[in-house]
Colleague: 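Got a structure for you, questions after.
Worth knowing before you read on, the calculation uses all heavy atoms, side chains too, and leaves out hydrogens, waters and symmetry mates.
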Amino acid sequence: PNTAQEESGERAPSESWKTMSEMLDSKDFSLKWLDPSVEEKEVIDWALSLKYEDIPEGVVAETKRAILDTIGTALGAQKLAITEIVNNFVKTAFPGDSCQVWFTGEMTSALGAALANGLITDGLDMHDTGHYTKGHAGAALIPCAFACLPLADGPVSGKEFLTAMVAAYEIGYRAGNAMHESVSDYHSSGAWNALGCAVFCARILKLSKEQFSHALGIAEYYGPRSEIMRVVNIPTMLKDGSGQGAFVGLQSVLLAKEGFTGKGCPVVTKTSISHMYADLGKVWRLLKFHVYKKYAVCYWAQPSIAGTISVMKKNNIKPEDVKSIVCHTFKEATGLQQGIPTNTEEAQYCILYPIAAAAYKGKVGPMEVDGAALKDPKLLELANKVKIVVDENLTSEAGDPELKGKDTAAMTANIAWVEVTTKDGTTYKGDKARVPWDHLAGEPAPGNKEISEKFFWLGSEAGCDKATLVTVEKMCYELEDVNDALSLETLLMAKPASKAKGSSWSAWMGVGALVLAAVNVACIASYFSSSSTKDKN
């Protein structure tokens, strides 16, 4: 460096570049991803060449359940405050008539639909989860997928929809794992599920391999690298960023298709993590790491709720007889809110209140984390009797045994045990409880029966008529026989013929569904006549 540079504190160009090289070769960055590697090409080739016939039956079945489960979650969110806010926003910010804002009969643009339906689905913490991603895929993938369909050259068959969705889940889950493996910050799901959305849209809109490469790079760069622990500590409607993930995923593909460049996707090509994509088509993460939520709260609180319901039911304890509830759980779970929530966002990122709701109601769904429940004096009185204790013996248990010791980002132990003391002085100690439906924790995974029961529960609470729910359930489970996948959305989310003042939501939605079904009679009639009732168990 010359004297002037030394005095000013500036570095000579050579010294600056040396420092930059050192930074780029650190844990978080690599010079290699400045020039996309062969791994990215292989990922793109796999995504574009995947055929429905190449996918194992179990993976197809899991994808159908994921679609139905996500639609059910979106239904369950309909009465939350976030839904009205987002719907009003979309009317102003995204005028259009190509796509539907779910369950409103309102139309918007494709990007508006991806954002709105993603935000609303993310508003209820009951969507699917992927181990080693520390987050959620379906909350972005399903809304983005339906927003993309009207932009396709023609009808997208059920088989093609399922194939693209499998590719999106498989690459999205790996991208989430890779992101947590390569950076120290705990980012929201939108940071990586945007890439899964880009995969689905790139295939449906028939992008070239070059355009696909740019779309992945755009999605990775523009994806919301939001700090999820901020929302855990201060719960708001920001949630897990999946609305933005859906928006960015579709946006990246539309930009790339027009020639916008963005090549270079480190979440795929970085040398230290690119191996995670090497088993695409061999190991199916939809089977291995994909799980569902039974309760409308953060994943960390699920075992505490399960343990509470179990000990209350097993010992026939009535809520009014409870003197105290002590929940012993792993350290990370205590990071959730332990006060009394004032809104649904606080309730869903809370651990103390949902335990009380579980003891009081025997379930924790939309109605237990919103509205009147948050002001119920008996429930609030019970919440004040709950205490959370860290059990260090639980915290050390973590992850899939096959991946232990491999420095792979994973979910923590997710275990709790609950003891309830009644007013007569008797203490009932419950067994260890893990996350219900989490097969990696040794719990039975839900089949069609359990996912359908959840779907009907959430749909009925939203006010949807049973006949419509039955039709949608049938179409989801027999999606491979559908000629136009968009007919699945229109059956449930059709614009009603009329919405009389004071009429119930379920009534006008049901009428709207029947009207649209009549308009699409050729497609629907063909579907029902050619498909036979299949075993859903």
Side-chain angles (χ1 to χ4, degrees), residues 66-67 69-94 96 99-104 106 108-130 133-148 168 172 175-176 187-201 218-228 230-232 234-254 293 296 298 343-345 348-349 366 489 493:
I67 294 168
D69 185 73
T70 303
I71 293 174
T73 300
L75 269 168
Q78 288 308 299
K79 293 187 177 180
L80 303 182
I82 187 175
T83 299
E84 183 177 359
I85 292 169
V86 170
N87 287 342
N88 289 337
F89 166 73
V90 169
K91 287 180 184 179
T92 303
F94 293 93
C99 294
Q100 300 180 52
V101 182
W102 290 354
F103 316 116
T104 66
E106 300 289 341
T108 184
S109 66
L111 287 172
L115 178 63
N117 298 328
L119 286 172
I120 292 168
T121 305
D122 200 22
L124 182 65
D125 214 341
M126 291 189 82
H127 29 62
D128 59 30
T129 296
T133 68
K134 298 185 179 181
H136 318 282
L141 294 183
I142 311 303
C144 182
F146 281 113
C148 176
H187 294 122
S188 69
S189 298
W192 54 266
N193 61 31
L195 275 77
C197 291
V199 169
F200 180 93
C201 297
I218 297 167
E220 192 277 339
Y221 197 83
Y222 285 162
R225 293 290 182 106
S226 33
E227 302 286 347
I228 190 63
R230 168 186 158 185
V231 178
V232 172
I234 308 174
T236 62
M237 293 178 183
L238 293 170
K239 298 303 284 291
D240 211 25
S242 289
Q244 290 293 336
F247 179 89
V248 169
L250 177 56
Q251 178 195 50
S252 68
V253 169
L254 295 179
K293 282 187 178 180
C298 176
N343 56 55
T344 188
E345 285 73 39
Q348 292 179 54
Y349 276 123
E489 182 187 53
M493 303 149 199

Colleague: Nearest 0.5 Å, what's the CD1-CG distance between I71 and L75?
Modeller: 8.0 Å
Colleague: When you check the side-chain N and O atoms of N193 and H136, is any donor under 3.5 Å from an acceptor?
Modeller: no
Colleague: Might you work through the side chain to side chain contact (heavy atoms under 4.5 Å, CB included) test for W102 and T121, ending with a clear yes or no?
Modeller: CA-CA 10 Å; W102 290 354; T121 305; 3.8 Å; yes
Colleague: Shortest non-hydrogen contact from C144 to A114?
Modeller: CA-CB, 4.3 Å
Colleague: Using 0.5 Å steps for rounding, measure from the SG atom of C201 to the CG atom of L250.
Modeller: 4.5 Å
Colleague: With distance as the sole test, does Q348 use its side chain to make a donor-acceptor pair with the main-chain N or O of D125 at under 3.5 Å?
Modeller: yes
Colleague: Which heavy-atom pair separates C197 from L141 by the least distance, and what is that distance?
Modeller: N-CD2, 3.4 Å
Colleague: Is a side-chain donor or acceptor of Q78 paired with a backbone partner of A74 at a separation under 3.5 angstrom?
Modeller: yes
Colleague: Please identify which of these residues, V86, V90, T83, meets the side-chain contact (heavy atoms from CB on, under 4.5 Å) condition with V101.
Modeller: V90
Colleague: About how many Å separate NZ of K293 and SG of C298, when rounded to the nearest 0.5 Å?
Modeller: 5.5 Å
Colleague: Do side-chain atoms of H187 reach the backbone of E227 as a donor and acceptor pair under 3.5 angstrom?
Modeller: no
Colleague: Return the minimal non-hydrogen interatomic distance between A140 and G245, and the atom names on each side.
Modeller: CB-C, 4.4 Å
Colleague: Would you say the side-chain atoms of D128 pair up with the backbone N or O of T70, donor to acceptor, closer than 3.5 Å?
Modeller: no
Colleague: Would a distance-only check, ignoring hydrogens and angles, find a side-chain to backbone donor-acceptor pair under 3.5 Å from N117 to A113?
Modeller: yes
Colleague: Could you check whether any side-chain N or O of D240 sits under 3.5 Å from a backbone N or O of S242, counting only pairs where one atom can act as donor and the other as acceptor?
Modeller: no
Colleague: Who passes side-chain contact (heavy atoms from CB on, under 4.5 Å) against L238, sequence neighbours left out?
Modeller: R230, V231, T236
Colleague: Any heavy-atom pair between the side chains of T92 and N88 that's under 4.5 Å?
Modeller: no
Colleague: With respect to L80, which candidate in L124, N343, I120 satisfies the side-chain contact (heavy atoms from CB on, under 4.5 Å) definition?
Modeller: L124
Colleague: What are the two closest heavy atoms between L111 and F247, and how far apart are they?
Modeller: O-CD1, 3.5 Å
Colleague: Does any part of the side chain of F89, heavy atoms only, come nearer than 4.5 Å to the side chain of L119, both counted from C-beta?
Modeller: no
Colleague: Work out which heavy atom in P224 is nearest to a heavy atom in G241; give both atom names and the distance.
Modeller: CG-O, 3.8 Å
Colleague: Identify the heavy atoms of A296 and P366 that sit nearest to each other, and give their distance.
Modeller: CB-N, 4.3 Å
Colleague: Answer whether the closest heavy-atom distance between the side chains of I85 and M237 falls below 4.5 Å.
Modeller: yes
Colleague: Go through the steps to decide whether Y349 and K239 satisfy the test side chain to side chain contact (heavy atoms under 4.5 Å, CB included), and finish with yes or no.
Modeller: CA-CA 9 Å; Y349 276 123; K239 298 303 284 291; 3.7 Å; yes
Colleague: Quick check for you: to the nearest 0.5 Å, what is the distance between E220 atom CD and L195 atom CG?
Modeller: 6.5 Å
